[in-house]
There are 2 protein chains.
Amino acid sequence: MDVKTLCLGVLSRRDCSGYEIRKQFEEGPFAHFQDAGFGSIYPALKKLTESGLVNCRAEEQDSRPDKKVYAITQKGRQALFDAVNQQPAADKLRSDFMFMLFFADLLAPAAIDRMIAQRSAHHAKLLNRLEGCDRVLPAGERFVLNYGIAIHRAALAYFEDHGHELVGALLQKDVAE
Amino acid sequence: MDVKTLCLGVLSRRDCSGYEIRKQFEEGPFAHFQDAGFGSIYPALKKLTESGLVNCRAEEQDSRPDKKVYAITQKGRQALFDAVNQQPAADKLRSDFMFMLFFADLLAPAAIDRMIAQRSAHHAKLLNRLEGCDRVLPAGERFVLNYGIAIHRAALAYFEDHGHELVGALLQKDVAE
DNA sequence: GGTTGCATGTAAATGGTTACATGATTGT
DNA sequence: ACAATCATGTAACCATTTACATGCAACC
């Protein structure tokens, strides 16, 4: 599933500019399971326009440069339909954070403490955002939203319940040496 | 954190061939938060050897081609130490599965049912693998292992508790039309 | 006879990130 | 003043994936 398809998904819900699409991956309804930056979104929109899956209109704005607003076409909807009816590829997760904690022996206990506190704060922030969403949503969107809430809650709970154990174990090890 | 660093991490625990490294990302202790395939591991090992971060020895085997076993050097350990003491980059997650469910309106209820059952089975399998691990591990490894267990348990519970709701909502919608 | 596991590697293609380039407005 | 937000885009670079190339052993 490439950025082109992701853009089609975003545009199937409402017309957007490239900038607005990116915001939806950064902090909007797609943020907790997908990601895309400007450098991939703008070229994707260009290609989608060329192949007729989206249309583009320029919207004037007061004291701002024009906005290019993209709208999905019927052909684009068909392409999205085809894409979501494929067999999904396996999830791809890369967590440097977990990799580092895996080698906690190489880290200072104070550094680990800080990392875990930051992580907890991060999960709390995302949770807050997700929990603040309007719950009157199409069934699929609601399901995915609540999944995000469940996962972030579990992660937060894990750090709160077990974070100190890790730091404690390493402090003990240091004393023993 | 690139594949070179990941390989250093794997080799810091024990000497391995490229093939064995890959297995550890596929189903070993790194599988639930990192990934790497042959196409990135072999070139990474080549570069690591060239820069003196790992050594390579050929091991003969009965009725099999030689194995190239890599061992981390002191310089390599230092490089790993430096890497894990950086500020971690944000997690990267791409879930086509969640993207598809987000657009559940475009899917047949039976297809969703199948997808969720497959997912649940997948989580159950990973959970089983994680729970079967030896718990007598260095503190960091144990922490990351138990985190994986907590997350997969939460995901599995979510699908078991709410999977039918999604399918139910879509069936109702179909009746209404 | 086909599939899976063991075992290594390269080359081409894909895809995405990062850095650059530009510039007005709003808030601190 | 400075940072952040809005707004678009390109080009160079980087990393990874996929396909290819090879081959034996074990199992069903």
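Note on naming: letters A, B, ... go to the chains in the order of the sequence lines (proteins, then strands), and numbering restarts at 1 for each one.
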Protein-to-nucleotide contact annotation, 5' to 3' order, nucleotides 4-9 of chain D [B base; S sugar-phosphate only; - none; under 4.0 Å, heavy atom]:
-SBBBB
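The interatomic distance linking B/Asp35 (CG) with D/dT17 (C1') rounds to 11 Å, in whole Å. Distance, A/Met1 CE to D/dT17 P: 17 Å, rounded to whole Å. To the nearest angstrom, P of D/dT10 lies 11 Å from NZ of A/Lys47. Atom CG of A/Leu6 is separated from atom P of C/dG16 by 8 Å (rounded to the nearest Å). If you take CG of A/Asp96 and P of D/dA15, they are 13 Å apart, rounded to a whole angstrom. Protein atom NZ of A/Lys92 is 10 Å distant from nucleotide atom P of C/dG16, rounded to whole Å. For B/Ile41 and C/dC6, the CD1 to P distance is 14 Å, given to the nearest whole Å. A straight line from CD1 of B/Ile21 to C1' of D/dT16 spans 17 Å, rounded to a whole angstrom.
The side chain to side chain donor-acceptor pair (under 3.5 Å) contacts involving residues 5-15 of chain A comprise A/Asp2-A/Thr5, A/Arg13-A/Glu141, A/Asp15-A/Arg57, where partners must be two or more places apart or lie in separate chains. Annotation: salt bridge (charged side-chain N to carboxylate O under 4.0 Å, His left out) contacts involving residues 94-117 of chain B, sequence neighbours excluded, are absent.
Applying the side-chain hydrogen bond (donor to acceptor under 3.5 Å, both in side chains) criterion to B/Arg119, with sequence neighbours excluded, gives A/Asp91. Residues satisfying the side-chain hydrogen bond (donor to acceptor under 3.5 Å, both in side chains) criterion with A/Lys67, sequence neighbours excluded, are A/Glu20. For A/Gln74, there are no side-chain hydrogen bond (donor to acceptor under 3.5 Å, both in side chains) partners two or more places apart in sequence or in a different chain.
Across all strands shown, A/Arg94 has heavy atoms under 4.0 Å from sugar-phosphate atoms exclusively, and none from any base.
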Quick one: side chains of residues 152-171 of chain A, donor-acceptor pairs under 3.5 Å with protein atoms, not counting sequence neighbours, listed by atom name and distance.
residue  : atom : partner  : partner atom : Å
A/His152 : ND1  : A/His123 : ND1          : 2.9
A/Arg153 : NH1  : A/Glu131 : OE2          : 2.5
A/Tyr158 : OH   : B/Phe143 : O            : 2.7
A/Tyr158 : OH   : B/Tyr147 : N            : 3.3
A/His162 : ND1  : A/Glu165 : OE1          : 3.4
A/His162 : ND1  : A/Glu165 : OE2          : 3.0

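Around CD of B/Glu26, the count of heavy atoms belonging to other residues, nucleotides or ligands within 6.0 Å exceeds 12.
Within the hydrophobic cluster formed by Ile, Leu, Val, Met, Phe, Trp and Tyr side chains joined at under 4.5 Å, directly or through other members, A/Tyr42 is accompanied by A/Tyr19, A/Phe38.
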When you look at B/Asp82 and B/Gln86, which way does the side chain to side chain donor-acceptor pair (under 3.5 Å) test go after all the steps?
CA-CA 7 Å; B/Asp82 293 344; B/Gln86 298 287 113; over 6 Å; no
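Across the interface with DNA chain C, nearest-nucleotide mapping of B/Pro43 and A/Ser40 shows B/Pro43 to be the residue nearer the 5′ end.
For the helix from C/dG1-D/dC28 to C/dT28-D/dA1, the rotation axes defined at the first and last 5 base pairs enclose an angle of 50°, given to the nearest 10°.
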